[in-house]
A.B. asks: 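The structure follows.
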Amino acid sequence: MILDLDIGNTLSKWRLKDVISSEIRSRGAVWTREEWRPGADIPDLDVVSAVRISSVARRAVLEDTVALLQRRVGVVHVARSGREALGVTSGYEEPGRLGVDRWMGALAGYQLTGGCCSVDCGSAITIDFVLPGGRHLGGYIIPGLRLMKESLKLGTRNVAIDPDSEADELLAPGKNTVEAVNHGIYMAAVSAVNRIYAEVCDREGVALPLLLTGGDARVVSRGIRVPHAIWPDMVYAGLEACYPLTAAERAGKMAGAPHVPLPAPLERIRAGLAFSTLL
Ligand SMILES: Nc1ncnc2c1ncn2[C@@H]1O[C@H](COP(=O)(O)OP(=O)(O)O)[C@@H](O)[C@H]1O
Ligand SMILES: CC(C)(COP(=O)(O)O)[C@@H](O)C(=O)NCCC(=O)O
Ligand SMILES: [K+]
């Protein structure tokens with residue numbers, strides 16, 4: 001089995017992938033803690049022959065995890081952001097400083113679409129752009145839904161936005177504190193994504209496919225008006241593309257890759273932008 005790890009600031013996600021069949025056998029998540037230790041809630045390492053890791057947690061968390069895994073597993077790949085990979089060149093002045101989860105998402109998105117906007121809705125919401133041809137432009141970082149809510153300190157942190165709510169309900173004015181906070185941060189997040197997507201497509205003169213991932217991808221998706229796809233395994237797909245281990249991966253297949261709808265025509269994106277900024 002291959003153990004893939006996506007260690008974010010909130011959750012450490014894992015999945016076990018069969019080396020022979022390329023099927024995902026199991027998956028789970030544990031809180032990203034100071035001392036991250038395989039335990040009851042972590043897969044059995046005896047069946048693991050290789051590990052691939054994307055981590056944006058504190059360096060000590062990664063070092064501890066890698067040290068522990070290296071004692072038990074023969075092959076441990078730790079992804080790093082770089083200046084160039086798989087046809088994509090980083091837009092960052094210091095490429096090593098780009099969050100590796102963003103880099104994995106950008107690489108996976110580029111493999112799938114040949115140029116896209118990738119949005120990762122986790123602890124932070126990150127919005128990255130890769131143009132056709134492979135130039136990564138850089139991106140945007142805003143607080144995620146949960147962080148925005150916690151920062152208000154209004155005692156609403158444990159009342160999550162129902163991911164099944166209709167966008168229309170979430171966009172309506174709140175009639176109590178919980179609603180006002182939930183609807184406010186939701187509006188802030190989806191407005192930012194909609195606006196940033198339109199601004200950058202307009203600037204660059206290209207309508208890009210739009211991909212969403214992360215723990216809040218589903219709820220954010222409901223407020224996005226332009227065609228897009230959700231790809232829960234997008235960070236894992238970057239690991240697959242960087243460190244292909246199975247026959248399917250070597251053939252360029254990425255697990256769980258969604259059907260990506262054609263983007264809206266550029267004129268429509270521009271008209272929407274003009275409408276939201278000039279009226
Ligand atoms: N079952 C869940 N447990 C925890 N967080 C969840 C859950 N479902 C959705 N979320 C949301 O997803 C976010 C974590 O998403 P994730 O992409 O794993 O973040 P990160 O990569 O930063 O750890 C949380 O901040 C929360 O808003
Ligand atoms: C922006 C992030 C905190 C997002 O992390 P996440 O929400 O996935 O936990 C992470 O990608 C990161 O630490 N990036 C380094 C800074 C940068 O990308 O510029
Ligand atoms: K994120």
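We count ligands from 1, going down the list as the structure has it; atoms in each ligand are counted the same way.
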A.B. asks: Quick one: which ligand 1 atoms are inside 4.0 Å of a heavy atom on Trp31?
C.D. replies: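 Those atoms are 4 (C).
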A.B. asks: Mind checking whether Leu152 and Lys149 have side chains closer than 4.5 Å, heavy atoms only?
C.D. replies: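 No, too far: nothing below the 4.5 Å cut-off.
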A.B. asks: Check the side chains of His228 and Ser221 for a donor-acceptor pair under 3.5 angstrom, ignoring hydrogens and angles.
C.D. replies: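 Judged by distance alone, the side chains do pair up.
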A.B. asks: Kindly determine whether Asp46 and Arg72 satisfy salt bridge (Lys or Arg N to Asp or Glu O under 4.0 Å), including the steps that lead there.
C.D. replies: CA-CA 8 Å; Asp46 290 338; Arg72 303 279 306 275; 3.0 Å; yes
A.B. asks: Considering only protein heavy atoms, determine whether one is less than 4.0 Å from atom 7 (C) of ligand 1.
C.D. replies: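 No, there is no protein heavy atom closer to it than 4.0 Å.
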A.B. asks: Any protein heavy atom at under 4.0 Å, with atom 1 (N) of ligand 1 as the reference point?
C.D. replies: no
A.B. asks: Is there a polar contact, in the sense of an N or O pair closer than 3.5 Å, between Lys13 and ligand 1?
C.D. replies: yes
A.B. asks: Only one of Arg27, Arg52, Lys17, Lys13 passes salt bridge (Lys or Arg N to Asp or Glu O under 4.0 Å) with Asp4; say which it is.
C.D. replies: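 Answer to the salt bridge (Lys or Arg N to Asp or Glu O under 4.0 Å) test with Asp4 among Arg27, Arg52, Lys17, Lys13: Arg52.
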A.B. asks: Of Arg250, Arg15, Lys253, which is the lone residue that meets salt bridge (Lys or Arg N to Asp or Glu O under 4.0 Å) with Glu240?
C.D. replies: Arg15
A.B. asks: Hydrophobic cluster membership, with links at side-chain heavy-atom distances under 4.5 Å among I/L/V/M/F/W/Y: are Val78 and Met104 in one?
C.D. replies: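 Per the 4.5 Å side-chain linkage, Val78 and Met104 are not co-clustered.
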A.B. asks: Given salt bridge (Lys or Arg N to Asp or Glu O under 4.0 Å), test Glu199 with Arg195 step by step and report yes or no.
C.D. replies: CA-CA 6 Å; Glu199 286 283 353; Arg195 174 75 183 272; 2.8 Å; yes
A.B. asks: Does Leu211 belong to the same Ile/Leu/Val/Met/Phe/Trp/Tyr cluster as Ile269, with side-chain heavy atoms less than 4.5 Å apart forming each link?
C.D. replies: no
A.B. asks: Is it true that, when you exclude Arg25 itself, more than 12 heavy atoms of the residues, nucleotides or ligands shown sit nearer than 6.0 Å to its CZ?
C.D. replies: yes
A.B. asks: Is the contact between Leu145 and ligand 1 made by the side chain, the backbone, both, or neither, using heavy atoms and a 4.0 Å cut-off?
C.D. replies: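 None of Leu145 does.
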A.B. asks: Looking at atom 27 (O) of ligand 1, what's its closest protein heavy atom, distance included?
C.D. replies: Asp216 OD2, 2.7 Å
A.B. asks: So, at under 3.4 Å, which protein N, O or S atoms would a careful student list around the K ion (ligand 3)?
C.D. replies: Asp120 O, Asp120 OD1, Ala124 O
A.B. asks: With Tyr140 as reference, evaluate Ile125, Thr126, Ile127, Val119 under the side chain to side chain contact (heavy atoms under 4.5 Å, CB included) test and give the passing residue.
C.D. replies: Ile127
A.B. asks: Is it possible for you to say whether Val190 and Val219 belong to one hydrophobic cluster, with membership spreading through side-chain heavy-atom contacts below 4.5 Å?
C.D. replies: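 Yes, because Val190 and Val219 connect within a single hydrophobic cluster, where side-chain heavy atoms sit under 4.5 Å apart.
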A.B. asks: Which ligand 1 atoms does Gly8 reach within 4.0 Å, using its non-hydrogen atoms?
C.D. replies: 20 (P), 21 (O), 23 (O)
A.B. asks: Which atoms from ligand 1 have a heavy atom of Gly214 less than 4.0 Å away?
C.D. replies: 17 (O)
A.B. asks: Only heavy atoms of Arg146, strictly under 4.0 Å: list the atoms of ligand 1 that pass.
C.D. replies: 24 (C), 25 (O), 26 (C), 27 (O)
A.B. asks: Which parts of the protein, at residue level, reach under 4.0 Å of ligand 2 through a heavy atom?
C.D. replies: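 Residues near ligand 2: Gly8, Asn9, Val56, Tyr92, Arg97, Leu98, Gly99, Asp101, Arg102, Gly122, Ser123, Ala124, Thr126, Ile141.
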A.B. asks: Quick one: which ligand 1 atoms are inside 4.0 Å of a heavy atom on Ser123?
C.D. replies: 19 (O), 20 (P), 22 (O), 23 (O)
A.B. asks: Under 4.5 Å between side-chain heavy atoms, hopping through other hydrophobics if needed: is there a path connecting Ile53 to Ile2?
C.D. replies: no
A.B. asks: For the residue pair Thr32 and Thr10, establish whether any side-chain heavy-atom pair is separated by less than 4.5 Å.
C.D. replies: no
A.B. asks: Less than 4.5 Å apart, any side-chain heavy atom of Asp128 and any of Cys116?
C.D. replies: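 They are not in side-chain contact.
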A.B. asks: Verify the distance criterion only: is there a donor paired with an acceptor across the side chains of Tyr92 and Arg102 at less than 3.5 Å?
C.D. replies: yes
A.B. asks: Hey, does His136 have a side-chain heavy atom less than 4.5 Å from the side chain of Thr89?
C.D. replies: no
A.B. asks: Among protein heavy atoms, which lies nearest atom 3 (N) of ligand 1, and at what distance?
C.D. replies: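 The protein heavy atom lying closest is Leu11 CD1, 4.1 Å.
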A.B. asks: In the protein, which heavy atom is nearest to atom 12 (O) of ligand 1, and how far is it?
C.D. replies: Gly215 CA, 3.3 Å
A.B. asks: If you measure every N/O of Ala124 against every N/O of ligand 1, is any gap under 3.5 Å?
C.D. replies: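 Ala124 vs ligand 1: no N/O contact under 3.5 Å.
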A.B. asks: Taking N or O atoms only and a 3.5 Å limit, does Thr10 qualify as a polar contact for ligand 1?
C.D. replies: yes
